[in-house]
Amino acid sequence: MEPRYPQYLPDPTATREEMEALQRRVAEAATFDDAFTFDPTRVGRGDDEQTTLGGERGGPSGPDAPVVAGVDQAFLDDAAVSAVVCLQGGEVVERAHAVSELSIPYIPGLLSFREGGPIVDALERVQTNPDLLVFDGSGRIHYRQAGLATHMGVVFDRPSVGVAKSLLCGRPRESVDGRPEGWRTPILADSDVDVPDGRVIGYAVQSRQYESSRKINPLYVSPGHRVSAETAADLVLRCCDGYKLPEPTRLADQYAAEVKAEYT
DNA sequence: GCGACAG
DNA sequence: ATCTTGTCGC
């Protein structure tokens, strides 16, 4: 892959004001509606009954299933290990990684300026052309609607979604505690977000839940680029396979840890 | 000053 | 993110 709009590449040497200004431009360039050509119902392993019963799901003769790339990182002293795992129909078709120097610390709201460059390094080594990019972090659920998933999605002009394990800003429409698997509720913009209060900017998604007692927290899914909040939630659930994290992200996390181990 | 804050 | 074993509950 190659950045299609390098003017949006995150510059770690920029001042805080410049970083925030770029994020506002990224948000303006972003599309929070569905604007892709792949078939969302064919993402993931696709072992759910409605699409398999009729047998219309593309087999050897049908069109290829969409390629979904998961991106995650692991950290060394002064470097980041960025890993990308591409899946097609639940099968790994490619893995790529990069080890990059880190320049700035983690600052809430400016994550893409710390991790964006390293992630671009890894994505540039990917030979496949992913239909969808799944990031570990927020997309539209961000103060300026320009979280990591949105920023990267715009730089590569590729459909993307953000999957965070905790909420950066906004508020769930209702309590998210102890919900059943498959449940979801909208995340509404609050005063911390650059949009009218109450707008849906993402979803809390219960990707996994124990049958009793102990509770698992939901995932916070939001549009990165070219994907709506509703579709982002659908796509992430389709990518889940028995674990809290969707497979693309979970496998990228594993891969990043493997690479890190070799450098330790 | 206080609170809140992805990875 | 990272430092890390056991342990709770089915």
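Every chain is numbered from 1 and lettered A, B, ... according to where its sequence line falls, protein lines coming before strand lines. Every heavy atom of this structure was used, including side-chain atoms; hydrogens, water molecules and symmetry mates were not. Note that the structure is predicted; figures quoted are calculated from it, not measured.
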*Could you give the CZ-to-C1' distance, from A:Arg16 to B:dC5, as a whole number of Å?*
10 Å
*Grab the CG-P distance between A:Leu111 and B:dA6 for me, whole Å please.*
9 Å
*asked:* Using whole Å, what does the distance between atom C1' of nucleotide B:dG7 and atom CD1 of A:Ile141 come to?
replied: 15 Å
*In whole Å, what is the span from the OH atom of A:Tyr106 to the C1' atom of B:dA4?*
11 Å
_A:Tyr143 and A:Gln23, any side-chain heavy atoms less than 4.5 Å apart_ = no
*Flag the pair A:Phe156 / A:His225 as yes when their ring centroid distance falls below 6.0 Å, and as no otherwise.*
no
*For A:Ser228, what residues pass the side-chain contact (heavy atoms from CB on, under 4.5 Å) criterion, not counting sequence neighbours?*
A:Asp34, A:Glu230, A:Thr231
*Measure centre to centre between the rings of A:His97 and A:Tyr255, then say whether the value is under 6.0 Å.*
yes
*Mind calculating the distance between CZ (A:Phe135) and P (B:dA6) to the nearest angstrom?*
19 Å
*asked:* Just by distance, no angles: are the side chains of A:Gln206 and A:Arg179 close enough, under 3.5 Å, to form a donor-acceptor pair?
replied: no
*asked:* Within the 4.0 Å limit for protein heavy atoms, which parts of nucleotides 1-10 of chain C are touched? Write it as a string from 5' to 3', B for base, S for sugar-phosphate only, - for none.
replied: SSS----BSS
*For the pair made of CG in A:Leu167 and C1' in B:dG3, what is the distance, rounded to whole Å?*
15 Å
*Consider only side-chain N and O atoms of A:Ser100 and A:Asp121, and report whether a donor and an acceptor are under 3.5 Å apart.*
yes
*Pick base, sugar-phosphate or nothing for A:Leu110, based on heavy-atom distances below 4.0 Å to the nucleic acid.*
base
*Taking atom types as modelled, is there a side-chain donor on A:Thr13 or A:Asp11 under 3.5 Å from an acceptor on the other?*
yes
_Can you measure A:Arg144 atom CZ to B:dA6 atom P for me and round it to whole angstrom units?_
13 Å
*asked:* Counting the atoms with a prime plus P, OP1 and OP2 as sugar-phosphate, which does A:Tyr143 contact under 4.0 Å by heavy atoms, base, sugar-phosphate, or nothing?
replied: base
*Within less than 4.0 Å of OP1 or OP2 of B:dG7, is there a side-chain N or O belonging to A:Ser166?*
yes
*Protein-nucleotide distance (A:Leu148, atom CG; B:dA6, atom P), rounded to Å*: 13 Å
